[in-house]
Peer 1: 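Below is one structure. I have some questions about it.
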Amino acid sequence: PDPKQEMPRYYPSMDQVSRAVTGMGPQRHAVQNAGKADEEIKRMEATIAYDRQEYLPRDPARRRALMVAFPNGTKDIEGVQKIVGHFKDAVRYWEPRNEPNFGASGAGFVKDELTAFHAAVKAVDPALKVMGPGTVSIGPQLQGWLHDFFRAGGGQYIDVFSFHIYNGINGDLQLGRWAMDGLQAILSRYGYADIEKWQTEQGYFAAVYGSYQPRLQGRWTMLEMMLFEQYGIPKEHNHLWYDVSHGFWDFPTWWENDDGGYNPAAPLMRVMSEELYGTTFARAFDFGKDGNKLYLGSLFSGKERNVAAFMNAGCGKPQITLRVTGGGGALRTVSAFGVEGEVPVADGVARLVVPDLPVYVELAAGQAVEVEPIVWGKNLARQPGRSAAASGSGAHPADKNIPNPINKLFNGVYENWYWSQRPDGQPWMDDTQGFPAWVEVRLPAPATVARVVIFACVPWQWQSTLVDHELQYDKDGQWVTLDFITEPLKTFGVYSPPTRTSVDSYFSDRSIFEHAFAPVTTAKLRVLVHNTTFGGGATALVPEAGGQTGPQQVMLREIEVYGPPPV
């Protein structure tokens with residue numbers, strides 16, 4: 001396009017150029033009023049033409065397609081059909097009302113809107129694809145609606161299952177797997193296990209209202225992208241919302257600010273698009289029973305290149321072991337922001353540092369990698385007779401009516417309120433006022449212990465993580481420190497006009513803490529906590545700035561205890 005001519009935007013959050021340059025994913029072209037078809041067609045012409053030229057043809061392996069949605073509804077079927085007919089050669093995917101779960105039952109949406117919309121689209125061209133139902137999320141709070149939708153025959157009126165993923169991942173690998181496995185179970189139940197899937201509206205914050213927390217947007221976005229590829233949703237079927245800051249400060253999830261500067265989603269997606277160019281998802285790597293809690297990774301294959309991508313799920317910056325065959329004595333790596341490097345290979349083994357953003361391994365011709373599985377053995381904290389204690393009273397500090405049994409720490413569930421959104425879905429929280437606070441694990445008998453893994457919460461709103469803690473064991477009635485971890489707070493009072501924020505926070509967002517040490521024999525272990533976040537804020541500056549925060553209390557999901565590694 002002519003650089004002197006600004007790309008017209010019929011919706012103020014759109015930036016076609018940025019989407020094309022980053023390969024970020026499809027634009028959701030939107031019809032605001034189907035009753036004014038001629039006006040809508042004129043308004044959409046330039047942006048759809050641009051996408052045809054600059055977005056569709058850019059990757060020969062990753063099939064791209066355009067979509068149009070009717071977020072305000074499709075009651076004017078004559079207008080719908082006119083718009084579909086006009087753009088049918090360019091746009092193959094058509095989605096009806098936005099989030100119909102607000103204001104209609106699943107069956108009501110099928111009967112009153114979807115059936116007629118499907119007929120109108122197919123009348124233009126039976127090969128066009130109807131998407132739906134585009135619910136606001138897919139967790140338990142929406143699953144009843146989805147069952148109602150499918151029982152009413154909704155599946156026969158869609159070619160593509162579309163959904164939004166609000167509160168379905170939130171930077172938490174376990175939550176994301178619950179959401180996607182739950183969705184797949186519903187689709188399978190009604191005979192649609194293999195239906196094409198698109199995510200058509202969702203975004204994460206960089207400007208968390210008054211606090212700028214760019215690591216959150218970067219890590220959460222890339223975790224979603226990596227996870228979705230494993231569930232059959234490539235980035236070309238995943239619509240991140242919104243593009244540009246446009247004054248809607250109720251939900252500031254864009255990646256381009258008022259001054260034209262970019263938040264992390266844009267450069268991260270640009271590098272991902274470069275690294276995955278010419279390849280498609282081939283398979284997920286298996287990190288083993290315990291490693292799959294900490295990492296995810298996938299192999300992407302194409303005619304001319306193969307790329308492995310890895311990231312951790314919030315456990316610091318640890319290493320994985322790769323078994324390497326072929327290709328010489330090194331692995332070529334590229335960081336999430338495009339920095340090139342090499343990892344030596346010795347005797348067919350490479351040690352790869354895996355951060356909480358993707359690291360890409362560009363495999364040389366004839367080179368292949370496999371992950372060495374991580375298996376810690378039996379979790380001693382799950383055995384009968386185990387008990388626990390804490391420095392607090394046992395009551396939930398934010399709401400005494402929330403069930404707060406300490407055995408949540410050992411039930412293997414990894415609670416996250418955003419899954420069920422019920423009081424009993426809250427992780428365990430201690431009500432000790434001030435620090436230090438402590439949580440004690442009591443085994444039924446002395447045992448040899450060599451590893452303890454603490455699962456705190458992904459810091460967001462109420463949910464907090466650990467900042468400074470020690471792991472201790474009981475030795476002849478005295479507490480002896482085995483290990484300690486302190487996460488740098490990296491939070492500063494800085495006013496940034498483009499994001500309208502008064503705090504910059506680059507806190508790591510870490511929520512999983514693995515302690516490995518020389519074996520000791522003990523019947524008691526203690527987590528001694530010296531500091532936590534304020535829910536989703538690293539320090540008191542974040543709640544003062546209006547960020548998404550909560551009480552400064554110990555909040556944990558699980559504590560796991562293991563002996564020496566299995567032989």
Side-chain angles (χ1 to χ4, degrees), residues 135-143 146 161 163-189 192-195 197-199 202 204 216 219-235 237-238 281-299 309-315 320 354 356-358 371 373-376 379 382 408 411-422 425-427 453-460 463 465 509-512 514 556-558 560:
T135 54
V136 69
S137 193
I138 53 175
Q141 68 278 13
L142 265 299
Q143 288 177 359
L146 292 175
F161 183 88
F163 65 98
H164 302 169
I165 196 64
Y166 292 111
N167 288 329
I169 301 179
N170 288 10
D172 179 1
L173 178 59
Q174 180 63 61
L175 177 61
R177 285 176 173 154
W178 286 342
M180 298 312 296
D181 289 343
L183 172 60
Q184 196 60 36
I186 291 174
L187 295 176
S188 298
R189 175 174 175 175
Y192 297 99
D194 298 324
I195 194 171
K197 295 184 287 292
W198 285 53
Q199 194 290 128
Q202 174 275 321
Y204 297 128
L216 184 154
R219 192 182 75 80
W220 290 23
T221 298
M222 300 316 292
L223 180 68
E224 176 184 311
M225 289 290 173
M226 291 275 287
L227 184 67
F228 274 10
E229 290 275 356
Q230 296 183 354
Y231 283 89
I233 307 173
K235 63 186 179 66
H237 291 183
N238 189 4
F281 173 79
R283 63 183 175 92
F285 287 103
D286 183 3
F287 294 88
K289 176 180 73 70
D290 297 299
N292 286 330
K293 306 170 191 174
L294 309 180
Y295 305 96
L296 75 164
S298 299
L299 177 67
F310 304 97
M311 70 179 291
N312 82 58
C315 56
I320 61 171
V354 177
D356 57 3
L357 292 172
V371 174
I374 299 170
V375 179
W376 294 327
N379 180 5
R382 296 296 306 281
K408 283 185 174 183
N411 62 7
V413 174
Y414 309 97
E415 286 86 359
N416 186 319
W417 177 84
Y418 293 99
W419 174 242
S420 69
Q421 298 189 22
R422 294 168 50 91
Q426 290 282 0
V453 186
I454 303 166
F455 292 82
C457 301
V458 175
W460 178 242
Q463 297 186 162
T465 190
D509 209 22
R510 184 176 180 180
S511 62
I512 304 171
E514 180 185 355
L556 303 177
R557 303 167 71 187
E558 200 78 8
E560 300 179 353

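No hydrogens, no waters, no symmetry mates; every other heavy atom, side chains included, goes into these values. FYI, the numbering just counts along the sequence from 1.
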Peer 1: Donor-acceptor pair, distance only, cut-off 3.5 Å: does the side chain of Asp290 make one with the backbone of Trp376?
Peer 2: yes
Peer 1: Considering non-hydrogen atoms only, spot the tightest contact between Gly171 and Val458 and give its length.
Peer 2: O-CG2, 3.6 Å
Peer 1: What is the distance from atom OH of Tyr418 to atom CD of Gln426, rounded to the nearest 0.5 Å?
Peer 2: 8.0 Å
Peer 1: Would you say Gln184 and Lys197 make side-chain contact, with heavy atoms under 4.5 Å?
Peer 2: yes
Peer 1: As an exercise, state the distance from NZ of Lys293 to CD of Glu514, rounded to the nearest 0.5 Å.
Peer 2: 10.0 Å
Peer 1: Measure the shortest side-chain to side-chain distance between Asn312 and Leu294 over non-hydrogen atoms and say whether it is less than 4.5 angstrom.
Peer 2: no
Peer 1: How about Ile169 and Trp220: do any of their side-chain heavy atoms sit closer than 4.5 Å?
Peer 2: no
Peer 1: Identify the two heavy atoms, one from Gln463 and one from Asn416, that lie closest to each other, and give their separation to 0.1 Å.
Peer 2: OE1-OD1, 3.4 Å
Peer 1: Do Val413 and Lys408 come within less than 4.5 Å of each other through their side chains, counting heavy atoms only?
Peer 2: no
Peer 1: Do you know the tightest heavy-atom contact between Met222 and Leu357?
Peer 2: CG-CD2, 4.1 Å
Peer 1: What is the minimum heavy-atom distance between Trp419 and Trp178, and which atoms define it?
Peer 2: CH2-O, 3.3 Å
Peer 1: Please round to the nearest 0.5 Å and tell me the distance separating atom CE of Met311 and atom OH of Tyr295.
Peer 2: 12.0 Å
Peer 1: Quick check: Phe285 with Phe310 (ring centres under 6.0 Å apart)?
Peer 2: yes
Peer 1: Can you measure from OG1 (Thr135) to NE2 (His164) and round to the nearest 0.5 angstrom?
Peer 2: 7.5 Å
Peer 1: Between Asn170 and Asp172 (side chain of the first, backbone of the second, donor and acceptor by atom type, cut-off under 3.5 Å), is there such a pair?
Peer 2: no
Peer 1: Taking side chain to side chain donor-acceptor pair (under 3.5 Å) as the definition, give me every residue that meets it alongside Asp181, ordered by chain and number, with sequence neighbours left out.
Peer 2: Tyr231
Peer 1: Which atoms form the tightest heavy-atom contact between Ser420 and Pro140, and what is the distance?
Peer 2: CA-CG, 4.2 Å
Peer 1: How would you list all residue pairs meeting salt bridge (Lys or Arg N to Asp or Glu O under 4.0 Å) that involve residues 219-234, not counting sequence neighbours?
Peer 2: Arg62-Glu229, Arg219-Asp509
Peer 1: So, using side chain to side chain donor-acceptor pair (under 3.5 Å) as the criterion, who are the partners of Ser298 when residues are at least two apart?
Peer 2: Gln230
Peer 1: A quick test of your reading: do over 12 heavy atoms of other residues, nucleotides or ligands sit less than 6.0 Å from CZ of Arg283?
Peer 2: yes
Peer 1: Quick one: CD1 on Ile512 to CD on Gln174, what's the gap to the nearest 0.5 Å?
Peer 2: 9.5 Å
Peer 1: Looking at CG of Leu183 and CZ of Phe163, how far apart are the two atoms once the value is rounded to the nearest 0.5 Å?
Peer 2: 6.0 Å
Peer 1: Restricting to non-hydrogen atoms, name the atom on Gly168 and the atom on Ser137 that form the minimum distance, rounded to 0.1 Å.
Peer 2: N-OG, 4.3 Å
Peer 1: Give a yes or no answer on whether the side chain of Ser188 reaches the backbone of Ala193 with a donor-acceptor pair at less than 3.5 Å.
Peer 2: no
Peer 1: Are the side chain of Glu558 and the backbone of Gly412 linked by a donor-acceptor contact shorter than 3.5 Å?
Peer 2: yes
Peer 1: Would you find a donor on one side and an acceptor on the other, under 3.5 Å apart, between the side chain of Thr465 and the backbone of Arg510?
Peer 2: yes
Peer 1: Evaluate Ile186 against Phe161 for side-chain contact (heavy atoms from CB on, under 4.5 Å), listing each step before the verdict.
Peer 2: CA-CA 11 Å; Ile186 291 174; Phe161 183 88; over 6 Å; no
Peer 1: Got Phe228 and Met180 here, is their nearest side-chain heavy-atom distance under 4.5 Å?
Peer 2: yes
Peer 1: Are Leu223 and Tyr204 close enough that some pair of their side-chain heavy atoms sits under 4.5 Å apart?
Peer 2: no
